[in-house]
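Please read the structure below before turning to the comments.
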Amino acid sequence: QVQLVESGGGLVQPGGSLRLSCATSGTILSTYNMGWYRQAPGKQRELVATITVGGGTNYADSGKGRFTISRDKDKNTVDLQMNSLKPEDTAVYYCNANLMQWDYWGKGTLVTVSS
């Protein structure tokens, strides 16, 4: 049905960068609001960034100035560029697609920021 496939997670040193991608269908990409969320060990899942159908973006304070969410319509992906990474960014990152009562999640990709 609705498939969200994350990639790009891994181990990075503090101050480094990663680019996460969420692959989905062109139809979902153009009709759903998309977002990235994360859940750190022992913590509640939290919003990282969202991008609306119209292209508007929103960021949690934790990522403002460091993270950028975007749609790549040529690749059918929603991307999250993460710069100046900190150890507290360590979490499983989840892709989300939302439209009214419809809410879908990817299985997550692990980001570890450690020296």
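Within a 6.0 Å radius of CD in Gln3, other residues, nucleotides and ligands contribute 12 heavy atoms or fewer. Environment of CD in Gln44: sparse, with no more than 12 heavy atoms of neighbouring residues, nucleotides or ligands closer than 6.0 Å.
When all heavy atoms of Thr52 and Asn33 are compared, the pair lying nearest together is CA-OD1, 3.3 Å. Residues Ser115 and Pro14 come closest through the heavy atom pair N-CD, 3.7 Å. The two residues Met82 and Leu85 come nearest to each other via the heavy atoms CB-CD2, 3.8 Å. Closest heavy-atom contact between Met34 and Cys95: CE-SG, 4.0 Å. Smallest separation of non-hydrogen atoms from Leu110 and Ala91: CD1-O, 3.6 Å. Scanning all heavy atoms of the two residues, the minimum distance from Asp61 to Lys64 falls at OD1-NZ, 3.1 Å.
Between Leu18 and Val111, the closest side-chain pair of non-hydrogen atoms falls below 4.5 Å. Side-chain contact check for Val2 versus Ile28: some heavy-atom pair is nearer than 4.5 Å. The closest side-chain heavy-atom distance from Leu80 to Thr68 is not below 4.5 Å. Taking the side chain as every heavy atom from C-beta outward, Arg38 and Arg45 never approach each other to under 4.5 Å. Using a 4.5 Å cut-off on side-chain heavy atoms (C-beta onward), Arg19 and Asp79 make contact. Side-chain contact between Leu4 and Tyr94: absent, with no pair of heavy atoms (C-beta onward) separated by less than 4.5 Å. By the 4.5 Å heavy-atom criterion applied to side chains, Trp36 and Ile69 are counted as neighbours. Looking at Tyr59 and Arg66, their side chains never come closer than 4.5 Å, going by heavy atoms from C-beta outward.
Taking the centre of each ring, Trp105 and Tyr37 come in below the 6.0 Å mark.
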- Item | side chain to side chain contact (heavy atoms under 4.5 Å, CB included) evaluation trace for Asp103 with Asn96 | CA-CA 7 Å; Asp103 199 34; Asn96 170 258; 2.8 Å; yes
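At a cut-off of 3.5 Å, with distance as the only test, a side-chain donor of Asn83 or Gln81 sits close to an acceptor on the other residue.
Between Ser21 atom OG and Lys75 atom NZ the span is 7.0 Å, to the nearest 0.5 Å. Put simply, CG on Leu47 and CG on Asn58 are 7.5 Å apart, with the number rounded to the nearest 0.5 Å. In this structure, OG1 in Thr112 is found 13.0 Å from CD in Gln13, a value given to the nearest 0.5 Å.
At distances below 3.5 Å, not a single donor-acceptor pair connects side-chain atoms of Thr109 with backbone N or O atoms of Gly8.
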